[in-house]
Amino acid sequence: MQRSEASPFKATARAGSNIAFIKYWGVADPRLNIPLNNSISMTLGALHTTTTVEWDVAGRLSADEITIDGERAAGPKAERVIRHLDLIRHLAGDRRFRACVVSRNNFPMASGIASSASAFAALTVAACTAIGLSLDRTRLSAIARRGSGSASRSIFGGYVEWERGNDDATSVARQLFPADHWALRDVVAVVSTAEKAVSSQNGHALALTSPFNAARVDAVYTMLQEVRNAIALRELERLGPLIEQDALAMHAVMMTSRPSLLYWQPGTLEVLHAVRRWREEDGLPVYFTIDAGPNVHLLCEPAFERELLRRLQTLSSVRTVITSGPGGDAEVIDQHLF
Ligand code: DP6
């Protein structure tokens, strides 16, 4: 891959986090982050990462410098970013340049909201732009995937499907519908802000140890078309039960892995029971999903958000609530031309 001559060497990009309706859990190829199944998500407009990458063409830096939310990153977190920079240096055919990376999340990293998706999508777009790689979104999605699987989806806005694919070029995301197709709301009931004990990166490796994993992957393939249709028709009553089913199936796989992963806290169950009660007894059309953590994402139409927020305030384990609708593509927001 060739670098264009007019490389700016410094660029800032912004990418939204995303919430998966059909989950990515388990990898077929851990080096390339090829997943076991297709996944479908909504990119979140209100929760994003903004990242500036400056390639040090003057040769002042002896190592990459990474700052996340105002703090210099070290250890495994920094190493993961450096590995991603190495990949981009390799693609650009220029291994000499070190980089200065400054990244900021507009939501707390420890809130249990996926930050790796928006982080690696923003890093990919900023680093590739700054080094002069002019790539389409499909290619950017493949590169982002290498940093974090779910980041492949955050390259696109709106409603997005990541095709499992068979190799580096085919395991990429594509947009199903843009953000303005459906103003669905994601209301995150935060019941714990503690750092999770097992990262999703380590969790993916355990999926294959669960006797339920193959059954979940099979079920996903029968559900994908139903999920696409429900989104196409904007029918939450059809989509909701499907996303609840896959979230519970993924957590069943997690709980029955060896060693077992138990991300739920008592507050998680309080929210799940309340949501089912509100739906069944009062007809409040709200559905849940849960990522690799204890916090519960609640999906509803905008007309029911206020009532949902009011009810969540009555639950003792809900510490705070974060809300978002669908957001746009990951994009360059500033290029610094010399
Ligand atoms: C439960 O994308 O965070 O949120 O590829 O190791 O970075 P890595 O994993 P990551 O896994 C996301 C897991 C999930 C489900 C999902 O977002 O699809």
Side-chain angles (χ1 to χ4, degrees), residues 15-44 47 49 76-77 79-81 83-84 87 105 109-124 141-156 159-165 168 171-173 186 188 195-208 210 213 216-217 220 223-224 227 242-255 257 261-264 268 288-297 299 324:
S17 179
N18 67 70
I19 180 64
F21 297 162
I22 293 290
K23 306 293 187 186
Y24 148 49
W25 194 250
V27 280
D29 179 336
R31 192 181 68 85
L32 294 176
N33 262 356
I34 309 282
L36 294 176
N37 59 272
N38 289 24
S39 52
I40 295 181
S41 57
M42 176 173 96
T43 297
L44 301 174
L47 308 180
T49 304
K77 206 181 275 179
E79 283 158 23
R80 198 171 166 189
V81 173
R83 268 200 308 279
H84 204 59
L87 172 67
N105 295 299
M109 226 167 150
S111 67
I113 316 289
S115 56
S116 68
S118 51
F120 280 92
L123 177 66
T124 299
S141 173
I143 297 170
R145 186 200 72 240
R146 298 280 296 272
S148 170
S150 54
S152 66
R153 299 188 306 243
S154 275
I155 293 292
F156 295 90
Y159 298 85
V160 181
E161 179 162 356
W162 169 18
E163 304 270 355
R164 180 194 59 186
D168 196 31
S171 186
V172 290
D186 179 18
V188 193
E195 189 101 18
K196 53 189 164 200
V198 179
S199 70
S200 46
Q201 215 179 9
N202 295 332
H204 286 294
L206 297 178
L208 290 165
S210 165
N213 182 61
R216 174 190 165 253
V217 172
V220 160
M223 283 159 65
L224 285 169
V227 169
L242 298 166
I243 67 175
E244 288 193 354
Q245 189 189 327
D246 188 49
L248 294 173
M250 178 182 75
H251 281 272
V253 168
M254 292 163 161
M255 289 176 195
S257 291
L261 299 174
L262 187 54
Y263 286 110
W264 295 6
T268 313
F288 67 78
T289 184
I290 315 165
D291 276 344
N295 301 320
V296 186
H297 291 250
L299 294 146
S324 180

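First listed ligand is number 1; within each ligand, the first listed atom is number 1.
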S.K.: May I ask whether A117 places a heavy atom under 4.0 Å from ligand 1?
M.R.: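 Contact check A117 vs ligand 1: negative.
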
S.K.: Against ligand 1, does A292 come closer than 4.0 Å with any heavy atom?
M.R.: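 Flag set, A292 near ligand 1.
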
S.K.: Relative to the heavy atoms of S116, which atoms of ligand 1 are at a distance of less than 4.0 Å?
M.R.: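 Checking each atom against S116, I get 3 (O), 7 (O).
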
S.K.: Compare M250, H204, R145 and give the one whose heavy atom is closest to atom 11 (O) of ligand 1.
M.R.: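 It is H204 that holds the nearest heavy atom.
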
S.K.: Give the contacting part of R153 toward ligand 1: side chain, backbone, both or neither, where contact means a heavy-atom distance below 4.0 Å.
M.R.: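 The answer is the side chain.
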
S.K.: Does H251 have a heavy atom less than 4.0 Å from any atom of ligand 1?
M.R.: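 Contact check H251 vs ligand 1: negative.
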
S.K.: Could you list which atoms of ligand 1 come closer than 4.0 Å to a heavy atom of S150?
M.R.: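 Listed by number with element, the hits are 2 (O), 3 (O), 10 (P), 17 (O).
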
S.K.: Check step by step if side chain to side chain contact (heavy atoms under 4.5 Å, CB included) holds for F21 and I19.
M.R.: CA-CA 7 Å; F21 297 162; I19 180 64; 4.2 Å; yes

S.K.: Which is it for S148 and ligand 1 at heavy atoms under 4.0 Å: side chain, backbone, both or neither?
M.R.: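 For S148, the contact with ligand 1 is made by both the backbone and the side chain.
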
S.K.: Any idea which of F21, Y263, Y24 brings a heavy atom closest to atom 13 (C) of ligand 1?
M.R.: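 Selected option, by shortest heavy-atom distance: Y24.
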
S.K.: For a side chain to side chain contact (heavy atoms under 4.5 Å, CB included) check, start with the C-alpha distance between R145 and I155, then their side-chain angles and the critical distance, and finish with the verdict.
M.R.: CA-CA 10 Å; R145 186 200 72 240; I155 293 292; over 6 Å; no

S.K.: Out of all atoms in ligand 1, which are within 4.0 Å of some heavy atom of K23? Include the element for each.
M.R.: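 Counting atoms of ligand 1 from 1, those under 4.0 Å from K23 are 15 (C), 18 (O).
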
S.K.: Applying side-chain hydrogen bond (donor to acceptor under 3.5 Å, both in side chains) between S148 and each of S116, S118, S200, S154, report the one that passes.
M.R.: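 Of S116, S118, S200, S154, side-chain hydrogen bond (donor to acceptor under 3.5 Å, both in side chains) with S148 is met by S116 alone.
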
S.K.: Please find the pair of heavy atoms, one from R164 and one from N37, that lie closest to each other, and give the distance.
M.R.: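 In this case the closest contact between R164 and N37 is CB-C, 4.0 Å.
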
S.K.: Which pair of heavy atoms, one from G203 and one from L261, lies closest together, and at what distance?
M.R.: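 Nearest pair, atom of G203 first, then L261: CA-CD1, 3.8 Å.
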
S.K.: Mind checking whether A151 has an N or O less than 3.5 Å away from an N or O of ligand 1?
M.R.: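 Min N/O separation from ligand 1 is not below 3.5 Å for A151.
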
S.K.: Determine whether the aromatic ring centres of residues F120 and H84 are separated by less than 6.0 angstrom.
M.R.: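 Centroid separation for H84 and F120: below 6.0 Å.
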
S.K.: At a 4.0 Å threshold, what atoms of ligand 1 neighbour a non-hydrogen atom of R80?
M.R.: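 Those of ligand 1 that fall under 4.0 Å from R80 are 7 (O), 8 (P).
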
S.K.: Measure up the H204 and W25 rings against each other and bin them: parallel (under 30°), tilted (30 to 60°), perpendicular (over 60°).
M.R.: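 Judged by the thresholds at 30° and 60°, the geometry between H204 and W25 is tilted.
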
S.K.: Check each heavy atom of M254 against ligand 1 and say whether those closer than 4.0 Å belong to the side chain, the backbone, both or neither.
M.R.: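 Looking at M254 and ligand 1, no heavy atom falls under 4.0 Å.
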
S.K.: Could you tell me how the ring of H251 sits relative to the ring of Y263: parallel (under 30°), tilted (30 to 60°) or perpendicular (over 60°)?
M.R.: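 Rings of H251 and Y263: perpendicular, as their planes differ by over 60°.
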
S.K.: Determine whether the side chain, the backbone, both or neither of N33 has a heavy atom under 4.0 Å from any heavy atom of ligand 1.
M.R.: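 Only the side chain of N33 comes within reach of ligand 1.
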
S.K.: With heavy-atom distances below 4.0 Å as the criterion, list the atoms of ligand 1 near S200.
M.R.: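 By the 4.0 Å cutoff, the relevant atoms are 3 (O), 9 (O), 10 (P), 11 (O).
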
S.K.: Evaluate side chain to side chain contact (heavy atoms under 4.5 Å, CB included) for Y24 paired with N33, printing each intermediate quantity in order.
M.R.: CA-CA 10 Å; Y24 148 49; N33 262 356; 3.9 Å; yes

S.K.: Check each atom of ligand 1 against the heavy atoms of A20 and keep those under 4.0 Å away; list them by number with element.
M.R.: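 Every atom of ligand 1 under 4.0 Å from some heavy atom of A20: 16 (C), 17 (O), 18 (O).
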
S.K.: Checking I22 against N38 for the side chain to side chain contact (heavy atoms under 4.5 Å, CB included) test, could you report, in this order, the C-alpha distance in whole Å, the side-chain angles of both residues, the deciding distance, and whether it holds?
M.R.: CA-CA 8 Å; I22 293 290; N38 289 24; over 6 Å; no

